[in-house]
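Everything on this sheet refers to the single structure shown next.
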Amino acid sequence: MQFLKILFWCLLAFIAAVATIGNWTTVPIKLWGGLIADVNLPLLLLVTFLLGFVPTMLYNHAIRWRLRQRLATCERQLAELRLPKPEPVYVATQPDPVVPVAVPVPAPAHLPSGAI
């Protein structure tokens, strides 16, 4: 597979070199203020290609980076959810210091007849 990839890029470079040699002419470009720039046609084509390709490539890389970050976050959360949670361990603590509390006095079992 690597051989085919290298062969493809070599073929593409050869075609680009032949097209460059065949179209090596200067093209006048009118600039602001009446200036005219003479630019080689292959250079002009390369610059216009890069002006369209580079922003698209940067946008694509930014989208892929953001999606990778979101995927990594989701995978991390999923791994945390899959981990078994340990049972809570209750540790015996020292009782609170003794605070005097009013203890109600129990009522007698029966009341005398004259009560209430």
Side-chain angles (χ1 to χ4, degrees):
M1 189 67 181
Q2 186 70 24
F3 173 74
L4 292 176
K5 189 186 285 188
I6 291 172
L7 183 65
F8 170 75
W9 285 112
C10 289
L11 182 64
L12 190 66
F14 177 74
I15 291 171
V18 169
T20 300
I21 292 170
N23 292 316
W24 197 263
T25 60
T26 57
V27 177
I29 299 176
K30 294 181 183 177
L31 301 173
W32 61 94
L35 295 174
I36 297 176
D38 288 331
V39 181
N40 288 333
L41 183 61
L43 178 64
L44 181 64
L45 291 176
L46 178 67
V47 169
T48 55
F49 171 76
L50 290 177
L51 281 175
F53 179 73
V54 170
T56 307
M57 183 185 69
L58 292 176
Y59 177 74
N60 186 25
H61 280 283
I63 293 294
R64 288 178 60 202
W65 178 80
R66 187 170 40 176
L67 288 174
R68 276 193 208 120
Q69 294 299 320
R70 288 176 62 189
L71 182 63
T73 302
C74 290
E75 287 176 346
R76 197 170 33 250
Q77 289 175 350
L78 185 61
E80 288 175 4
L81 289 174
R82 286 185 177 170
L83 286 177
K85 293 188 178 182
E87 293 294 323
V89 177
Y90 296 105
V91 178
T93 60
Q94 294 293 330
D96 291 335
V98 178
V99 177
V101 178
V103 178
V105 177
H110 65 70
L111 293 174
S113 62
I116 305 188

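Using a 4.5 Å heavy-atom cutoff, the side chains of Val47 and Val39 are not in contact. Here the side chains of Trp24 and Asn40 are in contact, with some heavy-atom distance below 4.5 Å. Side-chain contact between Val54 and Leu58: present, with at least one pair of heavy atoms (C-beta onward) separated by less than 4.5 Å.
Leu78 contributes atom CG, which lies 10.0 Å from atom CG of Leu83 (distance to the nearest 0.5 angstrom). Rounding to the nearest 0.5 Å places CG of Leu46 at 9.5 Å from CG of Leu51. Once rounded to the nearest 0.5 Å, the distance linking CG of Leu50 with CG of Leu45 reads 11.0 Å. The line from CG of Leu44 to CG of Asp38 is 11.5 Å long, rounded to the nearest 0.5 Å. Rounded to the nearest 0.5 Å, atoms CZ (Arg68) and CZ (Arg64) are 4.5 Å apart. Separating the CG atom in Leu7 from the CG atom in Leu12 is a distance of 11.0 Å, to the nearest 0.5 Å.
In plain terms, the two heavy atoms of Asn23 and Pro42 that are nearest each other are O-CD, 3.6 Å.
Distance alone, capped at 3.5 Å, places no donor-acceptor pair between the Asn60 side chain and the Thr56 backbone.
Exactly one of Trp9, Phe3, Phe8 qualifies for a side-chain contact (heavy atoms from CB on, under 4.5 Å) with Lys5. That residue is Trp9.
With hydrophobic clusters built from ILVMFWY side chains whose heavy atoms lie under 4.5 angstrom apart, Leu67 shares a cluster with Tyr59. Residues Trp32 and Ile29 share a single hydrophobic cluster, defined by chaining ILVMFWY side chains whose heavy atoms lie under 4.5 Å apart.
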